[in-house]
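Below is one structure, written out as structure tokens, with a few remarks after it.
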Amino acid sequence: MKNYLIELFNTAQAKLLYLSEIDLTFSVPSQSNHGDYATNAAMILSKKLKRNPKEIANEIIANLDFDKKVIEKIEIAGPGFINFYFTSSYNSQIVKDVLHEKENFGKSKKSAGKKAMVEFISANPTGPLTVGHGRNAVVGDTVANMLEWIGYSVDREYYFNNAGRQMRVLGDSVRMRYLELLGQNIQFPDDYYQGEYIKEIAVKLKIEYGDKLIDEDAEGKFKQAAEEEIFADIIKTMERIKIRMKNFYNENTLYEKGKIKALLDEFKKKNLSYEKDEAVWLKLTELGNDMDKVIVKATGEPTYRLPDIAYHITKYDRKYDLMIDLFGSDHSATYPDVLAGLHALGYDTNKMKVLIHQFVTIMEKGEVVKMSTRKANYITLDELVDEVGSDVVRYFFNMRSITSHLNFDLDLAKKQSDENPVFYLQYAHARISSILRMTKDEGLNSSLENLELLITKEEQNLLKKLYEFPHDVIFSAENYETNRITSYLEELAALFHRFYTECRIIGSEKKLAEARIALCIAVQTVIKNGLSILGVNAPEKM
RNA sequence: GCGCCCAUAGCUCAAUUGGAUAGAGCAACAGCCUUCUAAGCUGUAGGUUAGUGGUUCGAGUCCACUUGGGCGUACCA
């Protein structure tokens, strides 16, 4: 439908040159009596041309060479909207496209040939993934999926650091728990990692080595074991929610390959850094930011900014057309420095897109649980998956805009799980499977021969919704908005359930019944495709 | 103090990026199963879009200020 309008207007541009001067948009009006699609082109042009919008609208319509079999009528309404009404027989043809393209319906080649990288999670191996990481993980993976759907070749990458103070403390935390197990009286510091998992790692070490590690350094076996155990757990958790990285990038590599030193020299050479109080500062003020920041401490150790910039340079070296960073709002202060640094070195920062998601607040028994990895006061992503399952977790994190806080009421999520919208969608999918089983027993088959018989309001609404899917996927992907997909699917499922209530298959005249079966398959296909973008299962039975 | 994000129905959130009469789901109330899955459908009720001004054909959306919240504001990441 939309594609037809776009072509129609492209043709008309030859006669009405002003049409090429504006961004044409076609939208589905919120009210059905305003047509199937509408455009505000005449109103936008009215400002430019200083003419009456209705007059312009009339002129546009007069120059649209449309097929009566496709468009039933065109009206001018309100302040100058042009409303298009499509014929029901044209609408029904979408079923052919869906059944023909199957699992590919909704994919496009819009960004074919382009390479994208989505960097997400990127948690250092100091503890299990929490619910907060869960939002990052799910949204990052889904954004990657959406980009693949519009043609990008996408690499998922996890950036981590297993050096530095954090990891030393982690190793020492394990060491102390180990010594405790050997019967020593230990004062475990408050600012050490308090979690149970530390004790578990210590237990494993004791089983394996007995008391042989009693004089071992914190940064030796203890740190190494902790990192390995924790990373293995993180990967296991990721797999439970269907996330697989292409690459894990260790910050250490940057040092080993001399990239940190090279970058430092580059900044110095370009006169972008200076020394003060025995530290090296980046001239961020000159680059438009609020204040200069330290990139190498007086101790000689770089701050995170330097490796972060060096890391992003490796992304540019790897020739990505689009680089996405996703992190929580607690890291929102870091990226302007990184972008400014890259920009100053001549990198095209338009190729980078930084997505910031707001916090996940966990409510339990009506109270907010304050989360801290250090204090082990958190709910792990694993526990969440145990409670509600991967599908609910993925759907829940995808269903809200990343700009809004996500209020996760654990008690509600547990007991309410069969009222969750994800079940509404899965139910629609399973219901169609059931219909297909039943109708097959009745000797009815899907047929594309008489689709024009699909004329009831319920059928037509469903058909029009199917047309929107590919456009919604593009829109969602280009705006990195996973919640558009969930709303689309909820609307589609609602239209299907209404159709189900009003339109019977078994008992209808054969031609109509078989056209309806085709429609059901089309709806089921789109639900399945949409759920697969979200990483949610589409069950045959429930 | 300064910067970023946010404030929409009792609760959790949408609103095609400036469009026509602001929509869903929970929760509440009233209905619908001898017929393809009632995890469903139909209806009722619920709003000064935090507030005040401004920009224009048109504002929940953009701008300014005010109020209230979250996150930052390190020689931690």
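Letters A, B, ... are given to chains in the order of the sequence lines, protein chains preceding strands, and every chain is numbered from 1. Because the structure is predicted, anything quoted here is derived from the model rather than measured.
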Review point. Counting only non-hydrogen atoms, which of residues 457-469 of chain A are less than 4.0 Å from RNA chain B?
Key: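 Per residue number, the list is empty: none.
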
Check your understanding: Who pairs with A:Glu227 by salt bridge (charged side-chain N to carboxylate O under 4.0 Å, His left out), at least two apart in sequence or on another chain?
Key ->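 In terms of salt bridge (charged side-chain N to carboxylate O under 4.0 Å, His left out), with neighbours along the sequence ignored, A:Glu227 is linked to no residue.
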
Quick one: [X] [atom1] to [N] [atom2], roughly how many Å, whole number?
X: A:Phe423; N: B:C26; atom1: CZ; atom2: C1'; value: 15 Å
X: A:Arg168; N: B:A77; atom1: CZ; atom2: C1'; value: 13 Å
X: A:Asp277; N: B:A74; atom1: CG; atom2: P; value: 15 Å
X: A:Asp292; N: B:A74; atom1: CG; atom2: C1'; value: 15 Å
X: A:Ile485; N: B:A14; atom1: CD1; atom2: C1'; value: 15 Å
X: A:Leu284; N: B:C75; atom1: CG; atom2: C1'; value: 14 Å
X: A:Phe327; N: B:G70; atom1: CZ; atom2: P; value: 22 Å
X: A:Tyr193; N: B:C76; atom1: OH; atom2: C1'; value: 10 Å

Can you name the residues that form a side chain to side chain contact (heavy atoms under 4.5 Å, CB included) with [X], not counting sequence neighbours?
X: A:Ser173; value: A:Val169, A:Phe188, A:Tyr192, A:Tyr193, A:Ile198
X: A:Lys510; value: A:Leu444, A:Glu514
X: A:Ser122; value: A:Glu119, A:Tyr159

Point to revise | Derivation and outcome, salt bridge (Lys or Arg N to Asp or Glu O under 4.0 Å), residues A:Lys457 and A:Glu459 | key: CA-CA 6 Å; A:Lys457 192 177 83 193; A:Glu459 290 160 333; over 6 Å; no

For nucleotides 34-38 of chain B, list the nitrogen or oxygen atoms of the protein found under 3.5 Å from its nitrogen or oxygen atoms, one pair per line.
| from | atom 1 | to | atom 2 | distance (Å) |
| --- | --- | --- | --- | --- |
| B:C36 | O2 | A:Ile506 | N | 3.4 |
| B:C36 | N3 | A:Ile505 | N | 3.2 |
| B:C36 | N4 | A:Tyr500 | O | 3.0 |
| B:C36 | N4 | A:Cys503 | O | 2.8 |
| B:U37 | OP1 | A:Ser434 | OG | 2.3 |
| B:U37 | OP2 | A:Ser434 | OG | 2.8 |
| B:U37 | O2' | A:Tyr427 | OH | 2.2 |
| B:U37 | O2' | A:Arg431 | NE | 2.8 |
| B:U37 | O4 | A:Ala430 | O | 3.4 |
| B:U37 | O4 | A:Met542 | N | 3.3 |
| B:A38 | OP2 | A:Arg431 | NH2 | 2.2 |
| B:A38 | OP2 | A:Tyr500 | OH | 3.4 |

Inter-nucleotide [atom1] distance ([N], [M]), Å rounded:
N: B:G1; M: B:U44; atom1: P; result: 49 Å
N: B:A64; M: B:U55; atom1: P; result: 15 Å
N: B:A14; M: B:A24; atom1: P; result: 16 Å
N: B:G23; M: B:G54; atom1: C1'; result: 28 Å
N: B:A7; M: B:G51; atom1: P; result: 13 Å
N: B:A30; M: B:G46; atom1: C1'; result: 16 Å
N: B:G60; M: B:A9; atom1: C1'; result: 14 Å

Below 3.5 Å is the cut-off: list the nitrogen or oxygen pairs between protein and nucleotides 3-8 of chain B, distance only.
| from | atom 1 | to | atom 2 | distance (Å) |
| --- | --- | --- | --- | --- |
| B:C5 | O2' | A:Gln358 | NE2 | 3.1 |
| B:C5 | O2' | A:Thr403 | O | 3.2 |

Quick one: label [X] by what it contacts on the DNA or RNA (base, sugar-phosphate, nothing), any heavy atom closer than 4.0 Å.
X: A:Asp308; value: nothing
X: A:Ser401; value: sugar-phosphate
X: A:His331; value: base

Practice item. Hey, which sits more toward the 5' end of RNA chain B by its nearest nucleotide, A:Asp330 or A:Ala493? Key: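 Its nearest nucleotide lies further toward 5', so the answer is A:Ala493.
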
Check your understanding: Hey, which of these two, A:Ala494 or A:Leu406, hits RNA chain B nearer its 5' end, going by closest nucleotide?
Key ->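 Of the two residues, A:Leu406 wins.
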
Check your understanding: To the side chain of A:Tyr424, which of B:U16, B:C76, B:C41 is closest?
Key ->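 Selected nucleotide: B:C41.
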
Side chains of [Y] and [X]: any donor to acceptor distance under 3.5 Å?
X: A:Thr439; Y: A:Arg516; answer: no
X: A:Ser433; Y: A:Gln524; answer: yes
X: A:Gln460; Y: A:Asn91; answer: yes

Exercise for review: Answer syn or anti for B:U17, where the cut-off is 90° from 0 on the glycosidic torsion.
Suggested key: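 Syn conformation here, the glycosidic angle of B:U17 being no more than 90° from 0.
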
Review point. Mind telling me whether B:C26 is syn or anti, cutoff 90° either side of 0?
Key: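 That one's anti.
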
**Study point:** A:Tyr311: partners by side chain to side chain donor-acceptor pair (under 3.5 Å), with sequence neighbours left out
**Key:**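 Applying side chain to side chain donor-acceptor pair (under 3.5 Å) to A:Tyr311 gives A:Glu157.
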
**Study point:** Set of side chain to side chain donor-acceptor pair (under 3.5 Å) partners for A:His331, sequence neighbours left out
**Key:**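 For A:His331, no residue satisfies side chain to side chain donor-acceptor pair (under 3.5 Å) once neighbours in sequence are set aside.
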
Whether [X] and [Y] hold their rings parallel, tilted or perpendicular, with breakpoints at 30° and 60°:
X: A:Phe86; Y: A:Tyr37; value: perpendicular
X: A:Trp149; Y: A:Phe469; value: perpendicular
X: A:Phe327; Y: A:Tyr335; value: tilted

Practice item. Before giving the answer on side-chain hydrogen bond (donor to acceptor under 3.5 Å, both in side chains), spell out for A:Arg400 and A:His405 the whole-Å C-alpha distance, their side-chain angles and the decisive distance to 0.1 Å. Key: CA-CA 9 Å; A:Arg400 339 228 104 132; A:His405 285 255; over 6 Å; no

Check your understanding: Quick one: ring-ring contact (aromatic ring centres under 6.0 Å, His included) partners of A:Tyr395, sequence neighbours excluded?
Key ->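 Here no residue qualifies.
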
Check your understanding: Going through the distances and angles, do A:Ser46 and A:Ile56 end up as a side-chain contact (heavy atoms from CB on, under 4.5 Å)?
Key -> CA-CA 7 Å; A:Ser46 140; A:Ile56 300 171; 4.1 Å; yes

Exercise for review: Using a 4.0 Å cut-off on protein heavy atoms (strictly under), produce a 5'-to-3' string for nucleotides 17-22 of chain B with B for base contact, S for backbone-only sugar-phosphate contact, and - for none.
Suggested key: B-BBB-

Check your understanding: Do any side-chain nitrogens or oxygens of A:Lys54 fall under 4.0 Å of OP1 or OP2 in B:C57?
Key ->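 A:Lys54 to B:C57 OP1/OP2: no side-chain N or O under 4.0 Å.
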
Review point. Would A:Leu254 and A:Thr314 count as a side-chain contact (heavy atoms from CB on, under 4.5 Å) if you check the C-alpha gap in whole Å, the side-chain angles of each, and the deciding distance to 0.1 Å?
Key: CA-CA 9 Å; A:Leu254 298 167; A:Thr314 74; 3.9 Å; yes

Review point. Where each pair must be Watson-Crick or G-U wobble with both distances under 3.5 Å, what dot-bracket representation of RNA chain B is obtained, with crossing pairs in [ ] and other-strand partners as |?
Key: (((((((..((((.....[...)))).(((((.......))))).....(((((..]....))))))))))))....

